[in-house]
Each structure stands twice: as C-alpha cells, then as structure tokens.
Student: 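I'd like to ask some things about the structure below.
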Number of protein chains: 2
Amino acid sequence: MEPSPESPSCERARRLRSDAEQNRERIVEAARAVYRREGLGGSMAHIARTAGVGIATLFRRFPDRSELVAAVFEDAMEANLAAAVEARGAADAWEGFSGYIETVCGLQAENRGFAEVLTMNFGSAKGLERRRQEAFDAFLELIDRAKAAGRLRADFTPEDFLILLMANAGVLGAAGDAAPEASRRLVGQMLRAFAAEGSGDLPPSPSPKRLLRGIVRRRRASGAASA
Amino acid sequence: MEPSPESPSCERARRLRSDAEQNRERIVEAARAVYRREGLGGSMAHIARTAGVGIATLFRRFPDRSELVAAVFEDAMEANLAAAVEARGAADAWEGFSGYIETVCGLQAENRGFAEVLTMNFGSAKGLERRRQEAFDAFLELIDRAKAAGRLRADFTPEDFLILLMANAGVLGAAGDAAPEASRRLVGQMLRAFAAEGSGDLPPSPSPKRLLRGIVRRRRASGAASA
DNA sequence: ACACAACCGGACAGCCCATTCCACTTGGCT
DNA sequence: AGCCAAGTGGAATGGGCTGTCCGGTTGTGT
C-alpha cells in the first residue's frame, strides 16, 4: 500500500516532507514574482535568492527550468482555459470571440512571463499543454460560431490568433510604460481586421511622449532585446 | 591647417591609420553578420572573434555598444529613409502608405538586429536618429495624403505605426522558421484595419505545422525570449 | 527518545561576458 | 634607415550563471 498520493495540494509523485513542501511553495512563489516582472529569462540563481533557499534546493526540486515554468503558470493557463470556456458559452458569438481575445491579451499584459509562455511550447509539461489545447479547442468553436454568425471574416485562421499572441508579446516587451495602452490599441486594430463588418471604436493610442519614453527606458533593461 | 578630414569613407574624427581603418571595417562587417542573425544581444567577444581581431581593438574603436550598433545600421536606416521618401512621391496615396509599411516590415524580417533597432532609441547616434526622424516626417505626410484621399481611416495615429513595428519584431522573434509568412500575414491584417474601405486580399497564414515547428524550435535558441 | 532517510544550503567547478591594462609591433613621416 | 605615435592582441579582473557535491541538519515513524 502506498501512502495515499492525493491530499495536500496536487498529484505530486510521493509527497514531500513538510519542510520541503514549504520550500517548494516558496520557490514557486518567488519564481512567479520574478517571471511576472522579468519574463522567463529570470535566472535560477535570482529565483533561489528571492525565495530565500539555497540554489541546490531549487535544482533538486526543479531539475529542468521548464518544470518550474510549468508549475508557476499552470494556474494562469487554467485562467486562460476558463476564459475560453466561458466565451464559448456566450450568447453573442462575436462578443465571445472578441472578449476572449481581449482577455488573453490582457493576461499577457499583466504578466510578462505568461506572455512568453503563450508563444512557446512545453511538450514535457502535460498539465500546461493539456489546458492550452483545451482552450484552443474551445477557441476553434468560437471561430466557427462567429463565422457562421457572419461577424468574423471567412479568411480568418486559427494561426492569426497565435500570430496576435506573438505580436502582443512583442509590443508588451518593447513599449515600456506605455505597454498596457499600446497592447489594447493593437488588439483593437486586430479585431477590426478580423471583423466582417464596419466594427466599432478603437482604444486610444498611447500619447507619442508616453510611447517614446517607454522605448527609451528599455535601453538598459533588455537582455537583447534580447533578446 | 588640418589634414582635410573628408576623403576616405566618412566624416570620421581624425582619420585612422590604414591598418586600423581596415580592422574597423572588419569589425563592423562581423557585427553586421552577428546582429542580423542573433539580434542586438550578440556579445562583444563573439563579434571580435568573428572579426578576427583582439577584444581590446573592438573596445578601443567602439567604447560604447550603441556606437557599434549605429555604425552597423546606418545603411539600413538609410534604406528605410529612401523607402519613405520614395513612397512619399508615389502617385497613389494608399499605395505609398501601404507599400512603405510593407517595405519597412520586410527590412525587419530580413534582419533581426534592425527589427530591434527600429523599436529603440539611440539618442547619442546622431546620423541614425536624424535618418529615423526624416523617414518619420515623410511618413507623416503619407498619413495626411492617405487620409485626404479617403483611403486611410481618420483615427489612425502615427503611434499605430510604431506599435506595428514592435508587434512585427515580436512575431519575427517568436515564429522561428515561419517568421516571414507570419510577419506578412500580420502586416496584411494591420493594413486591413488601417484601410478605410473593404480592402483586398490577405497574404496566406503559415500552415499550423510550420508555425508550431517554429515555436518549438525557439526553445533553445532564445535568451529569454530575450526578448 | 531514537534512528535514519530525506532534506538543506554553501562551496565549487566550468562556462561566458564586459572592461581594463600593458608590453609589444608597425605604419608613416622625415 | 630610423623614430615614435598609433595601434595591437592577449592576459587579467570581476561578475553572473548553471549545475553538482557534500558535510551537516531535521522531520517523522517507531
């Protein structure tokens, strides 16, 4: 008989000692904060320091960076899935379609790490990829419904959505302080392009000065532009 | 009397010794290649190695990274300026407007470093910033003409263009092998959003497989997603 | 209370990077 | 031919990062 693998927080392999479990959570929390601010480029060493644990502890618990990423963003991906499912149930097909896109891009805007996660593939992280796939499936239904309702252009493809996620991540990374407005503006423009008919208002542009200031600010922050 | 500061290639401060000038050119050429492939994140050491010169030589000639970037991309920025000026002279205002946008985004697609340069500010590099400003001024005229012709939406702002450059850089960085198609598709969508009327065809989406493969590929290459 | 497996964190090795320093070489002028 | 300022490359310094090792600590079941 194995010591019932369920209870505490999840389906972890064989249950950790209580202090280890606490450390694990401190690590995930620290990584969450670091990734949100700095993107997935944040270093293991920095995360360990932030969590107040030794480096070895981090590597013992998460031998591979992608495992940590998966642990950190499973809840954000769950939020994404929930948004897709809710949108699928919306009465108005276009409302569902456009609302979902706005929500996802908003999640990206709030969290630089998640913006990157949405444009990458983590084959090994099953929970993450399952949720991503389910959300995507729901989105495919949204597409069909919005097209059937004559609100979405017939030439829209699911890849257009992925491209928008990449584009939005780029804007968020480049626009500095003005990122939220710039992102909303981008999404508004893209929705206009996707819509079959004369579509409504656009969110306002960031002011020239704000956008410029954001650009300048990035000079020292980036790892390339990082790259 | 000073030894006539003009002749060789440019208005450099006081003319280098011939071997030094040759090294300078080898450095710029190496940096051009590295930046094109890897973006501005490419390391000084790597560039020096590629150029076949000592590290000190690189730092003596370009004490600040941004000076090297300026030297490398002055010609690309000149091409950008030329495209803007030519577009300003186009007979059809919308052709000029949309053609210029396609050209600039194409320059980004060909050169990862330049894609980043276009979303950053290098206050100290006067030649670069002057050309950028002149190109932008020409673009402002394009906007006015296209709006006056009723082809460009009245709510288009110059910031929309900057946002598109950032978005395009993001797509190029994230889409891997499928980047060229993804970029063209993004530009086509945005032009649709900008156009006042029913606009024409869209470039095709990259196939789902291609786009996905690009995403996966990026896993090891990126410095963060550097950015 | 005890023993031991699980766990901890600092130290360390190996890498890459930016930046400075310095002893040596060389182009160009006389 | 010979001088010397200009120029050179490599070594050295100091930093950060990943990933592993190991002597010591602690939770936990008995």
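A, B, ... follow the sequence lines: proteins, then strands. Residue 1 opens every chain.
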Student: For B:Q22, does the CD atom have more than 12 heavy-atom neighbours from other residues, nucleotides or ligands under 6.0 Å away?
Tutor: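 Incorrect, the count does not exceed 12.
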Student: Of the nucleotides D:dT26, C:dC17, D:dG7, which has the atom closest to the B:L16 side chain?
Tutor: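 Given the options D:dT26, C:dC17, D:dG7, the side chain of B:L16 is closest to D:dG7.
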Student: Is B:S18 close enough to C:dG28 that one of its side-chain N or O atoms is under 4.0 Å from OP1 or OP2 there?
Tutor: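 So the side chain of B:S18 is within the cut-off, an N or O lying under 4.0 Å from OP1 or OP2 of C:dG28.
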Student: May I ask you to evaluate whether A:R15 reaches the phosphate of C:dA6, defined as a side-chain N or O under 4.0 Å from OP1 or OP2?
Tutor: no
Student: Can you check the A:E21 CD to C:dC8 C1' distance for me, whole Å?
Tutor: 16 Å
Student: Among the nucleotides D:dT28, C:dC8, C:dG28, which one has an atom lying closest to any side-chain atom of A:R17?
Tutor: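 It is D:dT28.
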Student: Can you check whether B:H46's main-chain N or O pairs, donor with acceptor, with B:T50's side chain at less than 3.5 Å?
Tutor: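 Checking the backbone N and O of B:H46 against the side chain of B:T50, a donor-acceptor pair under 3.5 Å is found.
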Student: Is the shortest side-chain N to carboxylate O distance from A:E29 to A:R32 below 4.0 Å?
Tutor: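 Yes, A:E29 and A:R32 are salt-bridged.
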Student: In this structure, how many angstroms lie between the P atom of D:dG14 and the CE atom of B:M44, rounded?
Tutor: 21 Å
Student: From D:dG27, C:dG27, D:dC17, pick the nucleotide closest to the side chain of A:R49?
Tutor: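 Taking heavy atoms from C-beta onward, the closest nucleotide is D:dC17.
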Student: Between B:M190 and A:Q189, is any pair of side-chain heavy atoms under 4.5 Å apart?
Tutor: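 They are in side-chain contact.
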Student: Check this for me, if you would: do A:E159 and B:R185 make a salt bridge, where the nitrogen-to-carboxylate-oxygen distance has to be below 4.0 angstrom?
Tutor: no
Student: In whole angstrom, what separates A:R26's CZ from C:dG9's C1'?
Tutor: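 The answer, rounded to whole Å, is 12 Å.
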Student: Ignoring the backbone of A:D19, work out which of C:dC17, C:dG27, C:dC7 is nearest its side chain.
Tutor: C:dC7
Student: Considering just the side-chain nitrogens and oxygens of A:N23, establish if one lies under 4.0 Å of OP1 or OP2 belonging to C:dC7.
Tutor: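 Looking at the OP1 and OP2 atoms of C:dC7, neither is under 4.0 Å from any side-chain N or O of A:N23.
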Student: Check whether any side-chain N or O of B:R210 sits under 3.5 Å from a backbone N or O of B:D177 as a donor-acceptor pair, and report yes or no.
Tutor: yes
Student: What class does the angle between the rings of A:F139 and A:F97 fall in, given that below 30° is parallel, 30 to 60° is tilted and above 60° is perpendicular?
Tutor: parallel
Student: Would you mind reading off the distance between B:F62 atom CZ and C:dA18 atom P, rounded to a whole angstrom?
Tutor: 15 Å
Student: Measure the distance from CG on B:L68 to C1' on C:dT19 and round it to the nearest whole Å.
Tutor: 15 Å
Student: Between A:R65 and D:dT18, does any side-chain N or O lie under 4.0 Å from OP1 or OP2?
Tutor: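 Checking A:R65 against D:dT18: at least one side-chain N or O falls below 4.0 Å of OP1 or OP2.
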Student: Hey, can you pull the residues of residues 52-60 of chain B with a non-hydrogen atom under 4.0 angstrom from DNA chain C?
Tutor: B:I55, B:A56, B:F59
Student: Rounded to the nearest Å, what distance is computed from the CD1 atom of residue A:I47 to the C1' atom of nucleotide D:dC17?
Tutor: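 Going from A:I47 (CD1) to D:dC17 (C1'), I get 12 Å.
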Student: How close or far is atom C1' of D:dG15 from atom NE2 of A:H46, stated in whole angstroms?
Tutor: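 Those two atoms, NE2 and C1', are 16 Å apart.
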